[in-house]
There are 2 protein chains.
Amino acid sequence: MSDIEIAQQATMKPIIGLAEEKLGIPAEHLDPYGHYKAKVSLEYLNSLTDQEDGKLILVTAISPTPAGEGKTTTTVGLGDAMNRLGKKTIMCLREPSLGPCFGMKGGAAGGGYAQVVPMEDINLHFTGDFHAIGVAHNLLSAMIDNHINHGNELGIDSRRITWKRVVDMNDRALRKITVGQGGPANGYLREDGYDIVVASEIMAILCLATSHADLKERLGRIVVAYKADRVTPIYARDLNAHGAMAALLKEAIKPNLVQTLENNIAIIHGGPFANIAHGCNTVTATKTALKLADYAITEAGFGADLGAEKFLDIKCRMSGLKPSAVVLVATVRALKFHGGVAREDLNNENLEALQKGFANLERHLHNVTVNYGLPCVVSINHFTFDSEAEIALLQEKCAALGVKCVVAKHWAEGGAGAEELAREVLDIVDHREPDFNYVYDADLPLWDKIETISTKLYGAAGITASPKVKTEINALQEKYGHFPICMAKTQMSFSTDPTAKGAPSGHTIEIREVRLANGAGFIVAIAGDMMTMPGLPKVPAAERIDISDDGVITGLF
Amino acid sequence: MSDIEIAQQATMKPIIGLAEEKLGIPAEHLDPYGHYKAKVSLEYLNSLTDQEDGKLILVTAISPTPAGEGKTTTTVGLGDAMNRLGKKTIMCLREPSLGPCFGMKGGAAGGGYAQVVPMEDINLHFTGDFHAIGVAHNLLSAMIDNHINHGNELGIDSRRITWKRVVDMNDRALRKITVGQGGPANGYLREDGYDIVVASEIMAILCLATSHADLKERLGRIVVAYKADRVTPIYARDLNAHGAMAALLKEAIKPNLVQTLENNIAIIHGGPFANIAHGCNTVTATKTALKLADYAITEAGFGADLGAEKFLDIKCRMSGLKPSAVVLVATVRALKFHGGVAREDLNNENLEALQKGFANLERHLHNVTVNYGLPCVVSINHFTFDSEAEIALLQEKCAALGVKCVVAKHWAEGGAGAEELAREVLDIVDHREPDFNYVYDADLPLWDKIETISTKLYGAAGITASPKVKTEINALQEKYGHFPICMAKTQMSFSTDPTAKGAPSGHTIEIREVRLANGAGFIVAIAGDMMTMPGLPKVPAAERIDISDDGVITGLF
């Protein structure tokens, strides 16, 4: 059965009753969106302040193949397993973007028997959070051009507008555009471009904001452009845009509740991509889960070099969160891929390639355990084609590094298939004290922060940038030197070359562009050819998606 | 008190219980969106087929001032009044667009004590229908450029792409743009442009579709471009886009229920503008109301020359609906405006100007009663400044034309203030038989249809078009000659000149552009300078919108 068929056969419970039964959230603090999705009121979340926090578990992964290695699936499977073992556990996931859903990767609601439901709703519009972010972003864009059109009292240098437009779609044609064509009625001509919604600074802001007031303050301090003196910033609040933007995000700031196939609660809230943004779900969602349960499991996007790095160096630093353990997801297939095996041969046993590709897992493990000082367990997301010899080799190599490696079969068996993983995780969390530290200090200069991430985590020899970009970094250093770095880099490799598999060393990370995200409170450093607007493949996944006459959706995966 | 303050003090009832109590809709057929909005399942609507239809009342208006004359307010007030008189009545409104909400006109949920609530939700994202339309539209756009980028097997002539992109925002900078800049990775360079979401053909399709199957079929037959032979159309179905688009509209196709301040049910569904699109709420919503109540009151956008014309010649023709009466909304202020009074002097009595401006009302009345053969009552949306002499003059002039003119005070008094209007409407609906006919026959050539609308309804001497546009109309005639016309024209005047107030005669209507809307099933004829993407004013309404620390929105109006 396909993921969507399994999801459509789920026996879902009405979410309001379920949230009350499992977590004790009173119905009056829940806003239903249909019968199986709900938003929790901020008043209720504020009332939890005095409750003790549960333990936080981070799920991350090796450098993934294009299909992903099953981080969300593992998060769901592990959560279901822990609940099966009688441990009150909430999963915190990111909201899927329509871009990959219609593109190549598919949706992001887990897979097999480890899914969150209603799968179609979650993958399509869900509770409208991304739409709200997109429209808040584009309102600000429209107000910038409108201000210039009506006389430009603020003196915006139209050549130095840094605020682009967004759409929740993979649309390469919009990466670089010219707006304002067609004569005086349409304003002034200028170059512009679109990012995908998940790359919007507003997505990051929503993920980091702690209240309506904090949200509005952050929106107000977004830098949208500079004056002709090149240095004086124009803020969103100068355009009086932030009040309306915050009003548009009134509901989006509230965490969303859904359930797994096994009727355990998951919070799905916020959804940046870790290759072009900071890649974590909202601080609000994670903190809520820690208040409501004894264990909160959350995911960070793509490989640990991107998702876990930003989770730890940005999200944890800004919010005070501290994980107790890390689950590193790997697949035998992906490790053979890193060992040089062609995609069509990944289902054949190949111990040599596995041995070689293990270097990728080893680097990520080293980063998690040594660079961040966090206890870690490796979870093999099991495929039918994995041979016993391959699994044995993997476990042996992990053991040699002092790390447990567990085979998890939640995809085929649901929570029951991840019980061994759950026991390992509980063993760590309940008995070991992490010695967590960030990979760089806040007071390190911006350039050195980028260099530290690149050399310590990516294995690079160093970083490079054009004189123009260096000048920009220097200019940012003065006012924003204390900001953490949000790297935008391919998820396919530790280098900026997506084809450099395994664990490349001694390479150079080229910083092509830097962007100030003043509302979010970090500096985006774009490495190599990374683009903040993906394109669709030759045959987009959208072509397979359909709906029957009685409204049943097919082809989502 | 402001509209939003009145709305925020409303005593709302949970919509699920209210819909069950008032209309007998079982809870299992309702999907809640929060506690005060809900969508009705299509299965339930299909189960009503055998029920007898109620009577249909259309609310339209004179040529409006920029703020609007209160069509929505009157629809709500009249509906509340009829319910007060014990008549089971449902109001059918259009969903507001974020464009005017952040621009100049404000929201569209009524005003004063004749509002639908929750006002902020309705005006901001509501149940996400517009976002779904926008993203379905932009998915198709992305798939067109993606197809060309990957080799263009279908042979799309990139100079003849007719499908633009959309955003739900007033953003003049996007009217004419160039996409695909930046080199081979970003596809092929071409001119493109954005329309506002309400002008999307998908909005029209949603408003006219009768089922999931009909929706998908209409989406599939959208013409997006032509081949290099200039005549062979490329359909959305050629790109395999229609299944995914229909899946995105799975929930949007279901009508939305809310309530008035007096706890009567209103259906708000679909929301095109009548100046650039066909301007009526969905056929599904109107038909549902007719099945569930004895009276359904619906509105059509802007003045009767636009909204009522399209309601009657497009929506009624396609769906078989037949109104029993028309309410023509006017204000003393707007009629004085049509009589030449400056905006700042509209609150002063001026009988001469009123007499002169009455020409506008008279033309609309003539159109409704003579051209369409429908019984009509004039409703004066009362303002405090209206003098008794002014009202008396209006009533006298209407009486001379054989039409009742009622002063309605629902804005200040709620339903109680519109009881006299309600009694007049009931008197007509229950005792008079309309002699309804369309203003043109379906088999009239396209050019002649446009000419008929222009001469019969707008008082024009004739129509004109460039040779290029004439050629296009001739080309469309062959295959689509039976389609009705959807005029895009300024709402400010019977002419294409927004400053030509009153009832201009003998003018010429210039058709600047024609567009085929094959999925909707009509031809859009754009007259004069009308633009399908509005701009923001110097001080956009967005600047006044704000949200408090505890999440209360202010400044929406």
Side-chain angles (χ1 to χ4, degrees), chain A residues 31-35 42 98 102 124-125 128 131-132 135 138-139 141-143 145-146 149-150 167-182 185-187 211-213 216 240-241 243-244 246-248 250-251 535-536 538 540 542-543 545-551 553 555, chain B residues 31-35 42 98 102 124-125 128 131-132 135 138-139 141-143 145-146 149-150 167-182 185-187 211-213 216 240-241 243-244 246-248 250-251 535-536 538 540 542-543 545-551 553 555:
Chain A
D31 265 342
Y33 282 66
H35 297 287
L42 294 190
L98 290 173
F102 295 137
L124 293 178
H125 309 288
H131 294 315
V135 87
N138 290 331
L139 170 63
S141 311
M143 288 176 81
D145 282 302
N146 188 60
N149 181 64
H150 285 293
V167 65
D168 192 17
M169 197 59 66
N170 290 3
D171 195 346
R172 70 171 64 73
L174 294 177
R175 282 177 191 150
K176 273 190 190 294
I177 64 174
T178 297
V179 300
Q181 292 176 189
N186 299 350
S211 65
H212 285 301
K216 198 169 84 182
N240 297 320
L248 280 168
K250 175 173 182 273
E251 302 302 319
L536 291 170
K538 177 150 189 173
E543 293 196 28
I545 297 172
D546 205 355
I547 185 167
S548 73
D549 289 359
D550 47 356
I553 292 176
Chain B
D31 265 342
Y33 283 66
H35 297 287
L42 295 189
L98 290 172
F102 296 136
L124 293 178
H125 310 287
H131 294 315
V135 88
N138 290 331
L139 171 62
S141 311
M143 288 177 81
D145 282 301
N146 187 60
N149 181 65
H150 285 293
V167 65
D168 192 18
M169 196 59 66
N170 290 3
D171 194 345
R172 70 171 66 71
L174 293 177
R175 281 176 192 151
K176 272 190 192 294
I177 64 174
T178 298
V179 301
Q181 293 176 190
N186 300 350
S211 65
H212 285 299
K216 197 170 85 181
N240 297 320
L248 280 167
K250 175 172 182 273
E251 302 303 318
L536 291 170
K538 178 152 187 169
E543 294 195 29
I545 297 172
D546 205 355
I547 185 166
S548 72
D549 289 357
D550 47 355
I553 292 175

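In the text below, chain A, chain B and the rest are named by the order of the sequence lines, each starting its count at 1.
Looking at B/L139, the atoms closer than 4.5 Å to chain A (heavy atoms on both sides) sit in the backbone and in the side chain alike. Only the side chain of B/F102 comes within contact range of chain A, with heavy atoms under 4.5 Å apart. Heavy atoms of B/A241 lying under 4.5 Å from chain A are absent altogether. Using a 4.5 Å cut-off between heavy atoms, B/K538 contacts chain A through both its backbone and its side chain. Within the 4.5 angstrom heavy-atom criterion, only side-chain atoms of B/H125, from C-beta onward, approach chain A. Residue contact with chain A, scored on non-hydrogen atoms closer than 4.5 Å, involves the side chain of B/N149 exclusively.
Comparing B/A542, B/S211, B/S141 by heavy-atom pairs within less than 4.5 Å of chain A, the highest count is held by B/A542. Among the candidates B/N138, B/D31, B/D549, B/I547, the residue making the largest number of heavy-atom pairs closer than 4.5 Å to chain A is B/I547. When each of A/V167, A/D168, A/I553, A/L536 is scored by its heavy-atom pairs under 4.5 Å with chain B, the top score falls to A/L536. The greatest number of non-hydrogen atom pairs below 4.5 Å with chain A, out of B/L124, B/L42, B/L248, is found for B/L248. Heavy-atom pairs under 4.5 Å with chain A were tallied for B/G182, B/A244, B/G535; the largest tally goes to B/A244. Of the listed residues (A/D546, A/N146, A/L98, A/D171), the one with the most heavy-atom contacts under 4.5 Å to chain B is A/N146. Per-residue heavy-atom pair counts under 4.5 Å with chain A were compared for B/G555, B/G243, B/S548, B/G128, and the maximum is reached by B/G243. Residue with the most contacts toward chain B among A/K216, A/E251, A/E543: A/E543 (heavy-atom pairs, distance under 4.5 Å). Note: B/G34 leads B/G187, B/G180, B/G34 in heavy-atom pairs under 4.5 Å with chain A.
For the residue pair B/M169 and A/A142, the shortest heavy atom distance occurs at CG-CB, 3.9 Å. When all heavy atoms of B/H212 and A/D550 are compared, the closest pair comes out as CD2-C, 4.1 Å. The two atoms that bring A/P540 and B/M143 nearest to each other are CG-CE, 4.4 Å, heavy atoms only. Between B/K250 and A/G551, the shortest heavy-atom distance links the atoms CE-O, 2.9 Å.
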side-chain contact (heavy atoms from CB on, under 4.5 Å) evaluation trace for B/V179 with A/L174 | CA-CA 6 Å; B/V179 301; A/L174 294 177; 3.8 Å; yes

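Residues B/R172 and A/N186 bring no donor and acceptor atom of their side chains to less than 3.5 Å of each other.
Distance NZ/A/K176 to CD/B/Q181: 8.5 Å, rounded to 0.5 Å.
Counting only distance, with no hydrogens or angles, the side chain of B/R175 and the backbone of A/A185 share a donor-acceptor pair below 3.5 Å.
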